[in-house]
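Heads up: the structure comes next, in C-alpha cells.
In the text below, chain A, chain B and the rest are named by the order of the sequence lines, each starting its count at 1. Note: hydrogens, waters and symmetry copies are ignored here, and every other heavy atom, side chains too, is used.
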Amino acid sequence: EAGVAQSPRYKIIEKRQSVAFWCNPISGHATLYWYQQILGQGPKLLIQFQNNGVVDDSQLPKDRFSAERLKGVDSTLKIQPAKLEDSAVYLCASSRQSTEAFFGQGTRLTVV
Amino acid sequence: KNEVEQSPQNLTAQEGEFITINCSYSVGISALHWLQQHPGGGIVSLFMLSSGKKKHGRLIATINIQEKHSSLHITASHPRDSAVYICAVRNSGNTPLVFGKGTRLSVIA
C-alpha cells in the first residue's frame with residue numbers, strides 16, 4: 001500500500017512569513033497526527049484528527065498554528081506568522097484504530 | 001502523562017557488534033513502538049509490542065510490562081543500521097504516541 005505522503009520536503013522562510021504543509025494519509029486510516037520534532041528531541045504531538053474531527057490539539061500553539069482535515073482525508077498544517085523557534089521537522093502520521101502509526105518523510109522547516 | 005526515557009543517548013559501535021538500546025516509561029501502556037529515523041527525517045516503524053518479544057531479521061525487541069521497560073537489540077550490526085532509534089508508547093486505545101528523545105547509533109566499518 002502507498003505510504004503517508006507529505007509535501008514539501010524542505011522549506012526555508014523568513015520569520016513572520018506564512019507557510020503551509022500538506023499530508024495525504026494512507027487510504028482508510030481514520031486517525032491522522034501532526035508532530036513537531038525539534039533537532040535533538042523526540043517528536044511532540046501538535047494535533048490529532050479522527051476523520052475530520054479534532055481529538056487533541058492541546059499542544060498546538062493556536063495563536064499561530066492551524067490545521068484542518070476537510071473531508072477526513074488530506075490535511076494541511078499552517079503557521080502564520082512563523083518564528084525562529086518553529087524551525088523543526090513536521091511529521092504527519094496516520095493509523096487505523098489502535099494499530100501502529102505510519103509516518104511520512106516529514107517536512108524540514110527552517111525559519112531565518 | 002507518560003514519561004519515556006531512552007538510554008544511551010548516543011552510541012558508537014564497530015561493525016559486527018551486538019547493540020542494545022533501552023527504553024523505560026512511567027505509566028502503564030497499551031503498546032510500545034520502536035521506530036527508526038534516518039537523517040532525511042522520515043520515520044519507519046520497526047516493532048509494535050504489548051508483551052513478550054518480537055524478532056525481525058537482525059532486530060529483536062523485548063518488553064517487560066511489570067518493570068515498564070523495553071529493549072531493542074541489533075545483532076551483527078552494520079553501518080547501514082546507523083540511524084536514530086526512537087521508543088514511543090501509547091497509553092490506551094487510539095491516544096497519540098508519546099516519544100522518547102531517541103538514541104543516535106553510529107556503526108563504524
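Clustering ILVMFWY residues whenever any of their side-chain heavy atoms sit less than 4.5 angstrom apart, transitively, puts B:Tyr25 in the very cluster that holds B:Val98. In the hydrophobic cluster analysis, where Ile, Leu, Val, Met, Phe, Trp and Tyr join through side-chain heavy atoms closer than 4.5 angstrom, B:Leu46 is grouped apart from A:Phe103. Side-chain heavy atoms closer than 4.5 Å link hydrophobic residues (I, L, V, M, F, W, Y) into clusters, and following such links, even through other members, never connects A:Leu77 to A:Val89.
Annotation: A:Leu39, atom CG; neighbour count of heavy atoms from other residues, nucleotides and ligands within 6.0 Å does not exceed 12. Crowding of A:Gln17 atom CD: a count of heavy atoms from other residues, nucleotides or ligands under 6.0 Å exceeding 12. Residue A:Glu85 qualifies as enclosed at atom CD: its count of foreign heavy atoms under 6.0 Å is above 12. Other residues, nucleotides and ligands contribute more than 12 heavy atoms inside 6.0 Å of the CD atom of B:Glu15.
Checked against A:Tyr90 for a side-chain hydrogen bond (donor to acceptor under 3.5 Å, both in side chains), the options A:Gln36, A:Lys11, A:Arg108 give a single hit: A:Gln36.
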Quick one: do A:Ser94 and A:Thr31 satisfy side-chain contact (heavy atoms from CB on, under 4.5 Å)? Show the steps, please. CA-CA 5 Å; A:Ser94 70; A:Thr31 307; over 6 Å; no

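Heavy-atom neighbours of chain A within the stretch residues 100-109 of chain B, taken at a separation under 4.5 angstrom, comprise B:Gly100, B:Lys101. Along residues 46-66 of chain A, the residues that come nearer than 4.5 angstrom to chain B, judged on non-hydrogen atoms, are A:Gln48, A:Gln50, A:Asp56 in order of number.
B:Leu97 touches chain A through backbone and side chain together, each having a heavy atom under 4.5 Å away.
A distance-only check finds a donor-acceptor pair linking the side chain of B:Ser82 to the backbone of B:Pro79 [under 3.5 Å].
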